[in-house]
Amino acid sequence: MTRQFPTLADIVREAQLNVSPRLWNYIVGGANGELSLEANRAAFAAWEFLPEMFAGITKPDLSTSLLGMPMSMPVFISPFAYDLAMHPRGYREVAEAVAEAGITGFLSESTSSSLEALAPAFGDQRGMVQFALAGPDEHAYAFIDRIQAAGYRGVLLTDVPSSFWRERSLEAGLDLHTHYGAGNYGPGLASDEVHRAHRSFETPRWDWERVEKLVARIDVPWMFKGVLTAQDARRSVDLGADAVYVSNFGARNLDSMPPALARLPLVLDAVAGAVPVLIDSGFRRGTDILKALALGASAVGVGRLGAVALAAGGKAGVTALLELLRSELAAAIGVLGCSSLADLGPQYLSRAEAGGAIWQRTSEGSFLDITTAGPLPLI
Ligand SMILES: Cc1cc2nc3c(=O)[nH]c(=O)nc-3n(C[C@H](O)[C@H](O)[C@H](O)COP(=O)(O)O)c2cc1C
């Protein structure tokens, strides 16, 4: 706990004060009618904890490892774009905070600084880079080479939607400066060209044949981010992925996708322990994270919370976020009766009988209420 940010809600409140309503809507908003955004949160209410009495636990140990990297806790910041809009030093602040927290970092390709410039900020922990497969093969191959040459620990491959329909951003007329997220596309490869490739149906979309050829060339650990089906999970493992990353991208790209948490058990079944399973989408609290870990996830990512923490206080904000998540998680694991992550399991969960939506909006409708007391989400 830090004096500036005693709770996660304090971080969220400070961030909202620091950014314009337009940027806030970009960060917290979701796709289309935001049904999935609500569902991502409601999915957590479907699980309740079953603590074990008098388990005789000691201080819970949260340490683990991910793809050979020691992690002080099974939590990471999911990759997010346009970091410079949130803080003048951008993702560098996030990288330094996650390195100090002893966890590995996940970087979006659409950051304001190049991945080469950011690599040292991740320190010994080293980072992983998310990269969307769009545009010509040569572009993708060159990008993978850059990630590997810069010493990153791994690659997250995503499919790319041709366009997003985010009404809040449309309403607000948000026009983020390209340079806020074009640090990887300097002279020689114009950012406009890449963005067009991402957003245009005219550029041929990637298919499995192209994907297979590409992954065969990757020397560092890699995974697909955005797996929600048993089929894609099995395909990942068959193609040699080192992990599977369950996500609906925080409901930002397409509405009416199922909550990632709801798909986790099915993906875990399909993977059958062959590789670690990571997850993000909708996680706001230590207890949310604990539910995914008890179900069998190896690590959990936070996207909006990471972006919000950067906006709230740069490195100090992200450090506070990670400390708070660590404290919440440790407290909850202890109450559950577990001394370490290895003790966790689905026996500590039950399906909620009266589980329901815990997501509410202000009467104005455009902002999510973070001030009302009660079992409300942070964002
Ligand atoms: C502002 C913002 C920008 C994002 N940009 C990217 C991106 O460039 N690439 C990507 O794979 N995911 C991106 N995401 C999605 C996150 O990686 C993550 O999947 C999602 O935010 C998780 O849901 P949560 O926000 O509920 O934690 C972004 C998320 C946010 C909030």
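Everything numeric in this text was worked out from a predicted model, so none of it was measured. When a ligand or atom number is given, it counts from 1 through the structure's own listing order.
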**OP:** Determine, stepwise, if the pair S72 / R326 fulfils side-chain hydrogen bond (donor to acceptor under 3.5 Å, both in side chains).
**Re:** CA-CA 9 Å; S72 67; R326 190 193 303 282; 3.0 Å; yes
**OP:** Give the C-alpha distance, both sets of side-chain angles, the deciding distance and a yes or no for side-chain hydrogen bond (donor to acceptor under 3.5 Å, both in side chains) between N248 and S281.
**Re:** CA-CA 6 Å; N248 66 12; S281 296; 3.0 Å; yes
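Against a heavy-atom cut-off of under 4.0 Å, I27 is close to the following atoms of ligand 1: 31 (C). Atoms of ligand 1 lying under 4.0 Å from at least one heavy atom of Q130, given by number and element, are 7 (C), 8 (O), 9 (N), 10 (C), 11 (O). Of all the atoms in ligand 1, the ones that sit under 4.0 Å from a non-hydrogen atom of R284 are 24 (P), 26 (O), 27 (O). Below 4.0 Å from some heavy atom of F249 lie the following atoms of ligand 1, by number and element: 11 (O), 12 (N), 19 (O), 20 (C). The contact set between ligand 1 and G282, taken as ligand atoms under 4.0 Å from a residue heavy atom, comprises 23 (O), 24 (P), 26 (O), 27 (O). Distances below 4.0 Å separate heavy atoms of G250 from the following atoms of ligand 1: 20 (C), 22 (C), 23 (O). Per-residue contacts place K225 under 4.0 angstrom from the following atoms of ligand 1 (heavy atoms of the residue considered): 10 (C), 11 (O), 12 (N), 15 (C), 16 (C), 17 (O), 18 (C), 19 (O). In summary, the atoms of ligand 1 found under 4.0 Å from a heavy atom of S247, numbered by their order in the structure, are 19 (O).
D238 and R235 are not joined by a salt bridge, as no carboxylate oxygen comes within less than 4.0 angstrom of a charged side-chain nitrogen. Here R217 pairs with D145 in a salt bridge; the nearest charged N to carboxylate O distance falls below 4.0 Å.
A cation-pi arrangement is present between R252 and Y26, with the terminal nitrogen or guanidinium carbon under 6.0 Å from the aromatic centre and inside a 45° cone about the axis. By the 6.0 Å and 45° rule, R146 stacks over the aromatic ring of F143.
For atom 18 (C) of ligand 1, the closest non-hydrogen atom on the protein side is D280 OD2, 3.1 Å. Counting only heavy atoms of the protein, atom 31 (C) of ligand 1 lies nearest to R252 NH1, 3.4 Å. Scanning the protein heavy atoms around atom 5 (N) of ligand 1, the nearest turns out to be A81 N, 3.1 Å. Here the protein heavy atom with the shortest distance to atom 8 (O) of ligand 1 is S108 OG, 2.8 Å. Among protein heavy atoms, atom 27 (O) of ligand 1 sits closest to G303 N, 2.8 Å.
Using a 4.5 Å cut-off on side-chain heavy atoms (C-beta onward), L344 and L336 make contact. Looking at W206 and L214, their side chains come closer than 4.5 Å, going by heavy atoms from C-beta outward. Looking at I218 and L157, their side chains come closer than 4.5 Å, going by heavy atoms from C-beta outward.
Between Y245 and F76, the distance separating the two ring centers is shorter than 6.0 angstrom. With ring centers used as reference points, W222 lies under 6.0 Å from F224.
Proximity of R304 to ligand 1, defined as any heavy-atom pair under 4.0 Å, is shared by backbone and side chain alike. If you look at P79 next to ligand 1, the close heavy atoms, those under 4.0 Å, come from the backbone and the side chain alike. Neither the backbone nor the side chain of E109 comes within contact range of ligand 1; no heavy atom lies under 4.0 Å.
Ligand 1 has at least one atom lying under 4.0 Å from a heavy atom of V302.
Here atom 4 (C) of ligand 1 lies nearest to F80 when heavy atoms of F76, F80, Y82 are compared.
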